[in-house]
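What follows is one structure encoded as structure tokens, with my remarks underneath.
Values reported hereafter were calculated over all heavy atoms of this structure, with side chains retained and with hydrogens, waters and symmetry mates removed. Counting convention: from 1, in listed order, for ligands and their atoms alike.
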Amino acid sequence: MNYDVILIRYGELALKGRNRDQFEEALARSVKSVLRSFFKVKVRRNYGRMYVELHGEDAYEVMDRLKRVFGISSFSPTIQVDADIESIKERALELIRQLDPEPRTFRVVTRRADKRYPIPSMEVNRIVGTHILRALPKIKVDVHEPETIVNIEIRTEGTYISCETIAGPGGLPVGVSGKVLLLLSGGIDSPVAGWMMLKRGVTLEAIHFHSYPFTSERALQKVRDLAHKLTKWGGTVKLHVVPFTEIQTQIREKCPEDYLITIMRRFMMRVSERVAANTGAKALASGESLGQVASQTLESMDTINKVISIPMLRPLVAMDKIEITDISRKIDTYELSILPYEDCCTVFTPKNPVTRPKAYLAARFEEALDVEALVNAAVEGTVIEEITSKTNEAVNDLF
Ligand SMILES: Nc1ncnc2c1ncn2[C@@H]1O[C@H](COP(=O)(O)OP(=O)(O)OP(=O)(O)O)[C@@H](O)[C@H]1O
């Protein structure tokens with residue numbers, strides 16, 4: 001079938017006024033961005049609908065990309081037809097005929113946004129329905145749970161017919177919720193946390209603490225590759241790479257072993273808060289979930305958080321490893337995450353890390369360090385890399 005347009009629905013009904021404008025603009029930006037390698041397509045907005053005019057581009061390739069645009073609730077490959085009832089009838093039949101597998105039941109739903117159209121919606125339903133029933137002897141009408149709905153939209157700008165509705169990823173368009181700085185390690189969890197934040201409409205930047213030569217260039221490349229996976233859902237991701245060796249070395253030399261992880265994390269927070277302020281991020285996000293490892297108890301989170309005032313979002317906090325792994329497979333980060341390269345945490349594992357670290361003790365141990373100078377040096381040495389999506393690479397059909 002040669003489709004003419006992809007009709008995009010985003011129905012967040014609660015959106016009104018300025019919010020709605022912002023939502024639509026951000027959505028249009030995301031749609032244009034994922035489709036930028038399709039030179040012929042045009043994106044058009046009209047009263048709560050968005051259309052991608054295909055002008056000969058392949059509908060299925062375009063739809064594959066749309067599956068990654070947050071804010072889209074569903075979309076339909078659609079044909080544009082002449083508004084007269086004869087052509088509506090014929091083209092609707094043609095469309096339902098080519099569905100594979102052949103539907104056993106259907107119903108016609110007409111929306112007549114153009115009230116000047118002479119035939120009422122119910123009448124259009126009846127005429128088209130009868131035509132399909134006559135032409136396809138095995139099909140039946142089911143108004144409650146049809147296998148296929150033939151959608152006919154009669155609008156001033158054109159008449160559209162579609163038979164398939166494909167679910168989009170939902171969520172909010174990237175960019176409507178402000179900016180968040182994600183602490184991105186090479187593990188399974190933090191890329192999933194980043195994806196969940198993107199789904200809530202944030203613009204994502206990432207920060208990674210790199211301890212060269214304790215951690216290798218390959219470990220850093222893995223983090224870049226993970227950030228790159230996220231760009232498929234969120235456009236460009238800026239990656240802030242923080243030199244962390246000096247901080248780790250000093251902590252190891254001057255602080256008690258059971259508090260190494262706690263103090264290291266407090267430094268990550270301090271540096272992240274400063275980088276967030278520089279880059280305009282209103283919150284940090286991490287891949288922590290409650291009770292997974294020693295550093296992820298409530299007491300530990302509290303002691304770590306005490307050194308910052310910026311909110312720390314933990315989208316995975318109530319999820320278990322199976323749920324998290326499941327998402328990481330779907331978003332295609334799992335295989336990368338399990339590559340066995342060392343992370344700054346893995347080269348820094350004390351035998352008995354404290355599970356319920358006390359903030360006052362951590363603060364006392366840190367007196368042995370020049371915290372301010374170490375943080376300043378790390379922030380100043382931070383290198384920003386722009387990770388952008390490559391437009392022509394194939395995307396898997398993940399959902
Ligand atoms: N080197 C790092 N750079 C940036 N963020 C980090 C780094 N190491 C840890 N983090 C952040 O701290 C969180 C908790 O780290 P921990 O090592 O306990 O990870 P985890 O539960 O294995 O998570 P992940 O799978 O994301 O590594 C991570 O999810 C990540 O957000």
Next item on the list: With heavy atoms of G187 as the reference, note each atom of ligand 1 found under 4.0 Å away.
Entry: 24 (P), 25 (O), 27 (O)
Check: Where does I207 meet ligand 1, judged by heavy-atom distances below 4.0 Å: at the side chain, the backbone, both, or neither?
Finding: backbone
Next item on the list: Considering the heavy atoms of S190, write down every atom of ligand 1 situated less than 4.0 Å from one of them.
Entry: 24 (P), 26 (O), 29 (O), 30 (C), 31 (O)
Check: Backbone, side chain, both or neither: what part of Q296 comes under 4.0 angstrom of ligand 1, heavy atoms only?
Finding: side chain
Next item on the list: Give the atoms of ligand 1, by number and element, whose distance to some non-hydrogen atom of M268 is under 4.0 Å.
Entry: 2 (C), 7 (C), 8 (N)
Item checked: Pairing residues for Y160 by the ring pair (Phe, Tyr, Trp, His ring centres under 6.0 Å) criterion, not counting sequence neighbours -> Y51
Item checked: Test of proximity, F209 against ligand 1: N or O pairs below 3.5 Å -> yes
Next item on the list: Say whether, by atom type as modelled, one donor and one acceptor occur between the side chain of T231 and the main chain of G234 under 3.5 angstrom.
Entry: no
Next item on the list: List for me each residue that meets side chain to side chain donor-acceptor pair (under 3.5 Å) alongside E273, sequence neighbours excluded, and say none if there are none.
Entry: S309
Margin query: Out of K321, M312, R265, who is nearest to atom 12 (O) of ligand 1 when you count heavy atoms only?
Written below: R265
Note to self: Which heavy atom of V150 sits nearest to which heavy atom of I96, and what is that distance?
What the structure shows: CG2-CD1, 3.9 Å
Next item on the list: Please state whether the rings of F23 and Y10 are parallel, tilted or perpendicular, taking 30° and 60° as the class boundaries.
Entry: tilted
Next item on the list: Find all atoms of ligand 1 within a distance of less than 4.0 Å from any non-hydrogen atom belonging to G287, and give their numbers and elements.
Entry: 28 (C), 29 (O), 31 (O)
Item checked: Ligand-side contact atoms (ligand 1) for residue partner S286, heavy atom cut-off under 4.0 Å -> 31 (O)
Check: Applying a 4.0 Å heavy-atom criterion (strictly less than), which segment of L182 is in contact with ligand 1: side chain, backbone, both, or neither?
Finding: neither
Checklist line | salt bridge (Lys or Arg N to Asp or Glu O under 4.0 Å), paired with E366, selected from R270, R265, K254, K306 | finding: R270
Check: Looking at ligand 1, does any of its N/O atoms fall within less than 3.5 Å of an N/O of L183?
Finding: yes
Margin query: For a quick test of reading the model, state the closest non-hydrogen atom pair linking V307 to I304 and the distance between them.
Written below: CG2-O, 3.3 Å
Notebook entry, point to check: Looking only at atom types and distance, does a side-chain atom of E57 sit under 3.5 Å from a main-chain N or O of F39, one as donor and one as acceptor?
Noted result: yes
Next item on the list: Run the numbers for me: atoms of ligand 1, each under 4.0 Å from some heavy atom of I188, listed by number.
Entry: 25 (O)
